[in-house]
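None of the values given here were measured: they were computed from a predicted structure. Note: hydrogens, waters and symmetry copies are ignored here, and every other heavy atom, side chains too, is used. Each chain gets a letter, A, B and so on, in the order the sequences are listed, and its residues count up from 1.
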Amino acid sequence: MPSDEKQLRRYEFKKALEELDGLKGRGTELISLYIPPDKMIYDVVQYLREEYSTSSNIKSKSTRKNVLGAIESIMSKLKYFKQPPDTGLVFFVGHVQKRGDQTEMYSQIVEPPEPIQTFIYKCDSQFYTEPLMAQLKAKEVYGLIVIDRKEATIGFLNGTNIQVVTNEQSLVPSKHHQGGQSSRRYERLIEIAANEYFKKIGDIVNNTFMPIIRDMKGIFIGGPGSTKNFFFENDYMFKDITRKVVDLFDVGYTDESGLRELVEKASESMKDLQITREKDLVNRFMKELRKGDEGLAVYGEAQIQSALERKALDLLLLSDGVRKTKYFYKCPNCGYEQEFMQRPDDNTCPKCGGAMEMDHEEDYITKLYKMAEESGATVEIIGDESDEGSTLKKAFGGVAGILRYAPTASSL
Amino acid sequence: MAGQKPHINLVTIGHVDHGKSTLVGRLLFEHGEIPQHIIDDYKKQADEKGKATFEFAWVMDRYKEERERGVTIDLSHRKFETDKYYFTIIDAPGHRDFVKNMITGTSQADAAMLVISAREGEGIMAQTREHAFLAKTLGVQQIIVLANKMDSVQPPYSEKRFTEVKGEIEKFMASVGYRNFPIIPISGYKGDNITKKSENMKWYSGPTLLEALESLKVPEKPTNKPLRLPVQDVYSITGIGTVPVGRVETGIIKPGDKVIFMPANKQGEVKSVEMHHESLPQAEPGDNVGFNVRGIAKNDVKRGDVCGPVNAPPTVAKSFTAQIVVLNHPSVIAVGYKPVFHVHTTQVACRFEELVKTINPKDGTTKENNPQFIKTGDIAVVKVVPDKPLVIEKVAEFPQLGRFAIRDMGQTVAAGLCQEVETK
Ligand SMILES: Nc1nc2c(ncn2[C@@H]2O[C@H](COP(=O)(O)OP(=O)(O)OP(=O)(O)O)[C@@H](O)[C@H]2O)c(=O)[nH]1
Ligand SMILES: [Mg+2]
């Protein structure tokens with residue numbers, strides 16, 4: 001299985017967005033410009049010209065200067081495009097605040113992963129990143145229902161994330177109080193109460209799923225025993241919803257854990273679900289761990305790096321949430337070099353006392369990714385939204401892998 | 001009448017279709033609790049539904065869905081008196097999807113009847129194992145094993161087959177931690193060795209089921225502790241009001257008591273207490289009661305809440321520290337893992353927050369501090385955080401409310417005891 005290039009791009013894209021999100025202008029002087037793929041560049045330039053003349057009236061001298069500078073910069077870059085790329089173009093340009101009082105010209109051009117829908121021009125003290133963030137989130141949505149006579153839970157599977165919409169307790173009496181003579185009557189009352197309860201759950205399902213029924217890929221229903229079949233077969237839900245039901249599964253619980261069990265069961269029949277792929281990968285790693293010394297599992301930066309260097313790694317698992325950048329500093333006086341995990345507050349050279357300067361920075365995840373590519377290991381970036389994903393990040397530092405062969409004492 | 005004879009709660013456990021409900025129906029029938037014409041009636045109806053031979057099971061299986069499929073879904077409670085004891089029989093389901101109900105029933109039991117089909121190719125099966133482990137975990141001390149369906153082994157009522165099954169059972173039960181229990185060859189459907197010695201198995205000299213029940217020991221009654229009553233169900237009965245039901249674990253409950261339900265945090269005054277439709281002046285540990293509470297509305301209280309005295313309310317955990325043993329996990333358990341915890345009558349997903357240490361089973365010393373992960377066979381001290389408010393008590397103070405089972409993806413993966421509770 002070759003590594004998915006897309007994953008690295010997604011990772012880098014997300015990282016860039018997070019960076020952008022943290023930037024601030026001193027005034028309203030940061031420009032965000034979203035150009036849909038079918039927009040003529042000529043029209044954009046025309047629009048920017050008008051903005052330019054309006055902006056010449058800005059009162060604050062420095063803001064005016066910065067805004068005009070940013071617009072000029074965008075116009076000059078647009079010259080290189082005959083037409084926007086397939087998914088459109090996004091510009092983020094402006095003077096951003098640095099430490100202390102300084103500002104610095106910042107300019108970023110992004111080709112979005114999905115097509116831009118509408119033309120947006122925004123000048124604000126922050127960059128406008130929401131449309132791109134939303135693109136990252138736009139994933140497959142499935143509807144989830146688990147139900148028995150005691151309770152029901154309704155939710156969504158959104159990419160790798162299970163969201164609970166509601167949990168309803170039924171209050172349908174169970175057998176506890178059944179008595180001798182009146183038992184027939186009691187049984188009838190129970191069935192009436194059950195019907196009321198199914199109706200109520202049907203209404204909730206209709207109200208929850210109908211507004212987005214077109215965007216849902218499918219619906220799964222789960223629960224112990226035959227109650228779920230009864231609910232499904234008896235018109236408690238709208239036809240449009242029933243039609244979207246992919247399958248029914250036996251699951252033991254009808255609360256949030258039931259939703260998770262349902263997704264697990266459903267994914268056996270739908271191998272292409274992203275959440276399944278991720279769970280499977282992490283589970284493979286955990287199963288190797290269980291084997292102890294004979295197992296093929298490794299984790300932690302040092303072990304992984306050494307395995308990569310030996311070209312012994314088969315699969316590299318990286319948590320999406322792990323952000324590690326290393327900063328390399330150099331002293332221009334004496335040539336001393338030092339590496340930091342964070343930008344240092346104190347950049348005095350320990351050797352000569354001069355001021356060190358940053359030479360370059362290196363993204364740790366990107367570096368591991370490249371090393372893995374070179375050694376032929378498959379790389380998977382695992383989201384931290386699923387339970388397995390969060391375990392990978394929390395318990396194993398977000399860096400783990402599976403070896404090609406069992407380590408011998410000498411290779412460790 | 002309850003209160004005069006000691007009360008024992010008995011749960012039936014065992015693999016699906018091994019004959020639990022049939023056995024209970026038969027026992028009640030032979031003991032005169034169910035008239036012949038009801039059984040005849042059930043037999044006719046069951047035959048019509050294509051569910052022949054389920055007539056005895058129908059005594060306990062009362063839902064439409066249960067009768068149509070011939071599978072028990074939910075617990076049912078029936079009283080049953082012998083010369084010596086007042087029993088509440090709790091018939092539990094055997095199907096793997098309903099283990100959660102079985103756990104609730106078992107958490108209320110003082111003793112268990114483990115039903116195992118002795119038929120060739122049946123014997124000890126997946127839920128036989130899971131249920132036996134769960135009974136042990138949840139503190140059921142006394143157990144009676146029934147080798148059932150002796151009428152349809154080859155040849156019928158074969159001593160050889162019984163000896164074979166008995167050997168397997170003894171070996172298995174020792175691995176669970178049960179010793180010195182009767183193994184009785186029976187037929188629940190035909191009625192061999194239930195209340196009378198079977199003519200078909202003269203080779204067997206041990207007790208009948210009824211004799212074995214009479215020789216159970218009376219469980220101790222922790223009446224001196226504050227009241228703890230985990231709610232199994234809540235009924236709202238027109239004209240009467242809200243009636244929670246459940247088993248008294250510790251302390252006493254009686255009309256006039258001011259009680260509080262946690263985590264619901266709702267208070268009220270007990271108006272009446274009844275067991276199997278008879279009202280009681282007071283209920284003691286072991287009593288399975290319904291009680292009416294003034295000041296509590298329909299939706300105020302739900303399954304899994306625990307009732308206690310206002311001046312010593314049940315403990316609500318923000319997190320808790322427990323010693324667990326990993327029974328059967330396909331991979332490893334690490335921080336972030338979130339399975340379902342079954343405590344008394346409730347189920348709550350809990351996240352492993354910290355693996356404090358692993359322990360040497362031989363001497364209880366620490367094996368490793370803060371291990372990265374634990375696996376099957378390990379005994380460990382862990383800290384977990386419930387997904388939603390949960391009543392759990394230190395096992396040293398309230399053993400019945402400090403034990404739990406951990407399940408994930410359709411199987412029991414671990415069991416444990418609560419040692420410390422961090423409250424809000
Ligand atoms: N031949 C024979 N059949 C039996 C005996 N006991 C039960 N059965 C049959 O086994 C089937 C299942 O019986 P149940 O009593 O419903 O089994 P159960 O253990 O209660 O099943 P669940 O509650 O669904 O787990 C029925 O067809 C019974 O007639 C027995 O002693 N002999
Ligand atoms: Mg049954």
Separation between CG (A:D387) and CZ (B:F352), nearest 0.5 Å, reads 12.0 Å
Under 4.5 Å from any heavy atom of chain B - which part of A:S170:
neither
Sort A:E388 into side chain, backbone, both or neither according to what part of it lies under 4.5 angstrom from a heavy atom of chain B.
neither
Who among A:T391, A:V251, A:D255 has the most heavy-atom pairs with chain B under 4.5 Å?
A:T391
So, do B:K100 and A:D148 sit near enough that their side-chain heavy atoms are less than 4.5 Å apart?
yes
Flag the one option from A:G252, A:A194, A:G292, A:S390 with the top tally of heavy-atom pairs under 4.5 Å to chain B.
A:G252
Any chance NZ of B:K64 has more than 12 other-residue heavy atoms, nucleotides or ligands included, within less than 6.0 Å?
no
Would you mind checking which part of B:E68 comes under 4.5 Å of any heavy atom in chain A, side chain (CB onward), backbone (N, CA, C, O), both or neither?
neither
For B:V99, is it the side chain, the backbone, both, or neither that has a heavy atom closer than 4.5 Å to a heavy atom of chain A?
neither
Within-4.5 Å side-chain heavy-atom neighbours: A:S226 and B:R69
yes
Residue from A:K287, A:E288, A:R284 passing side-chain contact (heavy atoms from CB on, under 4.5 Å) with B:S331
A:K287
Does A:K228 come within less than 4.0 Å of B:D97, counting only side-chain N to carboxylate O?
no
Donor + acceptor pair across side chains of A:R149, B:Y63 (<3.5 Å)
no
Is there a side-chain contact between A:F230 and B:E65 in this structure, where contact means two heavy atoms from C-beta onward sitting under 4.5 Å apart?
no
Hey, could you give me the NZ/CZ distance between B:K338 and A:R260, rounded to the nearest 0.5 Å?
5.0 Å
Should we say atom NZ of B:K302 is surrounded by more than 12 heavy atoms from elsewhere, each under 6.0 Å from it?
no
Chain B heavy atoms under 4.5 Å from A:Q169: which part of the residue, side chain, backbone, both or neither?
side chain
Evaluate the ring planes of A:Y299 and B:F373, with Trp represented by its six-membered ring, and classify them as parallel (under 30°), tilted (30 to 60°) or perpendicular (over 60°).
perpendicular
Chain B contact via A:K150 - side chain, backbone, both or neither, heavy atoms under 4.5 Å
both
Which bit of B:D387 comes within less than 4.5 Å of chain A, counting heavy atoms only: side chain, backbone, both or neither?
side chain
Roughly how far, to the nearest 0.5 Å, is the CE atom of A:M286 from the NZ atom of B:K375?
13.0 Å
